[in-house]
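Since we're looking at a predicted model, the values are computed, not measured. The sequence lines fix the lettering, A, B, ..., with proteins before strands; numbering per chain opens at 1.
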Number of protein chains: 2
Amino acid sequence: MALLDLLGRRMSLRVMWELAHAGQPLTFRELQAVAETNPSLLNTRLKELRAAAIVVHHTGGYGLSEEGKSLVRLIMPLNEWAAAWGANLKAKDDTPADS
Amino acid sequence: MALLDLLGRRMSLRVMWELAHAGQPLTFRELQAVAETNPSLLNTRLKELRAAAIVVHHTGGYGLSEEGKSLVRLIMPLNEWAAAWGANLKAKDDTPADS
DNA sequence: CAGTATCCTGGACGATACTG
DNA sequence: CAGTATCGTCCAGGATACTG
């Protein structure tokens, strides 16, 4: 699944997340600031995300495409699962006395 | 999201996929064969997946834990989305006459 | 058969200077 | 401000030999 390959890369999810929460197009520099990264990586990722039609470049800034939004929606449950999973793991860790 | 970090690594999904489809525990060598990888990587990933309680080591082989199964179930939609997404991308590629 | 140790290589990423 | 070019670093992953 090449999708997870893309999503697994640095700043992929971060960028999507920031764009989803901004609610409005963000400029390159704004995105760079909120995502706390360097132009080089941001640009690389942005190219990939645009090639994947997940991110689009409106007049005035970057935003999520409809596909991008649907993808974000799809990832949410995974997010929750991950939270529960993390809590669970930790709980088990904190309970060495279990036998 | 550290989960995607793990899932993004080579052989994470592949291993989960193979285990899900095997329907029965697989030995280290069997897993290595079906996943087409080397013992080094397989072992590394297996350790991580076991630490994450996604994969368990039954007597006689490796299998998915209940958490692992639920995760696989959660990933399916993403899988479908990716398929549609890929097809769509390709279609647009094949349709340069669009204006 | 199961898993580990070792060594090597490619590519992702980071910092930053620079052009349009 | 937007994006590109360059260069160095670091680590995931590949091949394989080896031990229990």
Hits for salt bridge (Lys or Arg N to Asp or Glu O under 4.0 Å) against A:Arg45, two or more places apart or cross-chain, chain-then-number order -> A:Glu48

Closest non-hydrogen contact found for A:Leu49 with A:Ser12 is CD1-O, 4.2 Å

Does D:dG3 have OP1 or OP2 under 4.0 Å away from a side-chain N or O of A:Tyr62? yes

Expected list for residues 23-31 of chain B near DNA chain D, using heavy atoms below 4.0 Å, is none

Hey, does the side chain of B:Thr27 reach the backbone of B:Gly61 with a donor-acceptor pair shorter than 3.5 angstrom? no

Length of the CG-C1' vector between B:Leu42 and D:dT16, whole Å: 15 Å

A:Lys69: which residues meet the salt bridge (Lys or Arg N to Asp or Glu O under 4.0 Å) condition with it, sequence neighbours left out? A:Glu66

For A:Thr44, what residues pass the side chain to side chain donor-acceptor pair (under 3.5 Å) criterion, not counting sequence neighbours? none

A:His58 meets the side-chain contact (heavy atoms from CB on, under 4.5 Å) criterion, sequence neighbours left out, with A:Pro25, A:Val56

For DNA chain C, please output the secondary structure as dot-bracket, reading 5' to 3'. Pairs are Watson-Crick or G-U wobble, both atom distances under 3.5 Å; mark crossing pairs with [ ], other-strand partners with |, unpaired with a dot. ||||||||||||||||||||

Close N/O contacts between protein and nucleotides 15-17 of chain C (under 3.5 Å):
from	atom 1	to	atom 2	distance (Å)
C:dA15	N7	A:Asn38	ND2	3.0
C:dA15	N6	A:Ser40	OG	3.2

Which atoms form the tightest heavy-atom contact between B:Leu4 and A:Leu7, and what is the distance? CD1-CB, 4.0 Å

Tell me the interatomic distance from B:His57, atom NE2, to C:dA2, atom C1', rounded to whole angstroms. 8 Å

Supply the atom-to-atom distance A:Leu6 CG to A:Leu71 CG, rounded to the nearest 0.5 angstrom. 9.0 Å

Is the distance from OP1 or OP2 of C:dG14 to the nearest side-chain N or O of A:Arg10 less than 4.0 Å? yes

side-chain contact (heavy atoms from CB on, under 4.5 Å) for B:Val15 and B:Thr37? Distances and angles first, verdict last. CA-CA 10 Å; B:Val15 164; B:Thr37 188; over 6 Å; no

Results of side chain to side chain donor-acceptor pair (under 3.5 Å) for A:Gln24 - residues two or more places apart only: none

Among all residues two or more places apart in sequence or in another chain, which pass the side-chain contact (heavy atoms from CB on, under 4.5 Å) test with A:Gln32? A:Phe28, A:Arg29, A:Pro39, A:Leu42

So which pairs with a foot in residues 64-89 of chain A pass ring pair (Phe, Tyr, Trp, His ring centres under 6.0 Å), sequence neighbours left out? A:Trp81-A:Trp85

In residues 43-52 of chain B, which residues come under 4.0 Å of DNA chain C by heavy atom? B:Asn43, B:Lys47

Salt bridge (charged side-chain N to carboxylate O under 4.0 Å, His left out) partners of residues 16-28 of chain A, not counting sequence neighbours, each pair once: A:Arg14-A:Glu18

CZ of B:Arg9 versus P of D:dG13: gap in Å, rounded? 7 Å

